[in-house]
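Notes follow the structure.
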Amino acid sequence: MSKFLLFSKESCGPCMLVDKYMVSIKDERTSLLEKVDLEDVGSIPSAEAAATAKKYGVTATPVLVVTDDEGNKLEEYTGGLGITQNIRKVFDKYA
């Protein structure tokens with residue numbers, strides 16, 4: 001089964017847009033999103049979050065990475081608009 005990794009920060013405006021959108025679409029598949037919190041400015045992300053971001057080449061937020069069962073990246077969407085405009089298509093394709 002595919003994994004949906006949403007890289008985010010609490011202080012990121014576009015990240016907040018994505019969070020609000022996920023609540024507003026009332027799609028039960030949003031529960032499949034695994035949020036990877038990369039912390040706020042001045043904070044250090046957890047070692048696990050930092051390692052996951054490095055593995056998938058994530059250097060900014062928000063980013064949605066879709067992986068296969070083995071953790072191989074299948075697709076990536078960046079930015080609030082890129083994620084919100086494509087999330088239903090991504091769920092239809094991989095969920």
Side-chain angles (χ1 to χ4, degrees):
M1 179 168 192
S2 297
K3 286 181 76 174
F4 303 90
L5 304 173
L6 180 60
F7 294 87
S8 185
K9 289 183 183 179
E10 286 185 28
S11 63
C12 165
C15 299
M16 288 187 284
L17 168 77
V18 171
D19 288 343
K20 287 179 183 180
Y21 181 78
M22 294 304 167
V23 170
S24 74
I25 63 172
K26 295 180 171 59
D27 186 324
E28 69 279 351
R29 297 175 295 181
T30 59
S31 66
L32 298 173
L33 292 171
E34 182 180 322
K35 200 165 188 180
V36 180
D37 187 11
L38 296 179
E39 303 287 326
D40 288 326
V41 176
S43 298
I44 299 171
S46 71
E48 182 180 350
T52 303
K54 184 176 181 178
K55 175 180 179 178
Y56 295 109
V58 173
T59 58
T61 57
V63 174
L64 174 66
V65 174
V66 183
T67 69
D68 63 15
D69 304 6
E70 298 170 7
N72 300 308
K73 186 189 314 186
L74 301 173
E75 292 194 49
E76 178 180 306
Y77 296 87
T78 59
L81 287 176
I83 294 169
T84 57
Q85 290 176 341
N86 292 290
I87 193 63
R88 287 188 174 150
K89 289 185 262 183
V90 171
F91 284 149
D92 288 344
K93 186 173 180 179
Y94 296 106

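Here the structure is a predicted model, which is why all the values come from computation and not from measurement. Just so it is clear, the values below take in all heavy atoms, side chains as well, and ignore hydrogens, waters and symmetry mates. Here, residue 1 is the first one in the sequence, and each next residue gets the next number.
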Original post:
What pair of heavy atoms forms the shortest contact from Ala53 to Leu38, and how long is it?
Top reply: CB-CD2, 4.0 Å

Subject >> Separation between CG of Asp37 and CG of Leu6, rounded to the nearest 0.5 Å >> reply: 10.0 Å

Original post:
Roughly how far, to the nearest 0.5 Å, is the CE atom of Met22 from the CG atom of Asp27?
Top reply: 9.0 Å

Original post:
What do you reckon, is NZ of Lys20 surrounded by more than 12 foreign heavy atoms closer than 6.0 Å?
Top reply: no

Subject >> Distance, nearest 0.5 Å, that separates CG of Asp69 from NZ of Lys3 >> reply: 10.5 Å

Subject >> Atom pair CZ/OG1 of Phe7 and Thr78 - distance to nearest 0.5 Å >> reply: 13.0 Å

**OP:** Following the transitive rule for hydrophobic clusters with a side-chain heavy-atom cut-off under 4.5 Å over Ile, Leu, Val, Met, Phe, Trp and Tyr, establish whether Val36 and Val65 coincide in one cluster.
**Re:** yes

Original post:
What is the distance from atom CD1 of Ile83 to atom SG of Cys15, rounded to the nearest 0.5 Å?
Top reply: 7.5 Å

**OP:** Is it possible for you to say whether Val23 and Val90 belong to one hydrophobic cluster, with membership spreading through side-chain heavy-atom contacts below 4.5 Å?
**Re:** no

Subject >> Sole candidate of Val66, Val58, Leu64, Thr52 that passes side chain to side chain contact (heavy atoms under 4.5 Å, CB included) when paired with Leu5 >> reply: Thr52

Original post:
Checking Asp68 side chain against Ser2 main chain: does a donor-acceptor pair fall under 3.5 Å?
Top reply: no

Original post:
Nearest 0.5 Å, what's the NZ-CG distance between Lys55 and Asn72?
Top reply: 7.5 Å

Original post:
Is the backbone N or O of Tyr56 less than 3.5 Å from a side-chain atom of Lys73, with the two atoms forming a donor-acceptor pair by type?
Top reply: yes

Original post:
Can you name the closest pair of heavy atoms from Arg88 and Arg29 and give their distance?
Top reply: O-NH2, 4.3 Å

**OP:** Quick one: closest heavy-atom pair of Pro62 and Gly80, and the distance?
**Re:** CG-N, 3.7 Å

**OP:** Treat each ILVMFWY residue as a node, draw an edge where side-chain heavy atoms are under 4.5 Å apart, and state whether Leu81 and Ile25 are in one component.
**Re:** no

Original post:
Any side-chain heavy-atom pair from Leu33 and Phe91 closer than 4.5 angstrom?
Top reply: yes

Original post:
Hey, mind stepping through Tyr21 and Ile87 against side chain to side chain contact (heavy atoms under 4.5 Å, CB included) and telling me if it holds?
Top reply: CA-CA 10 Å; Tyr21 181 78; Ile87 193 63; 3.7 Å; yes

Original post:
Between Asn86 and Glu75, is any pair of side-chain heavy atoms under 4.5 Å apart?
Top reply: no

Original post:
Is there a side-chain contact between Val18 and Ser8, using heavy atoms and a 4.5 Å cut-off?
Top reply: no

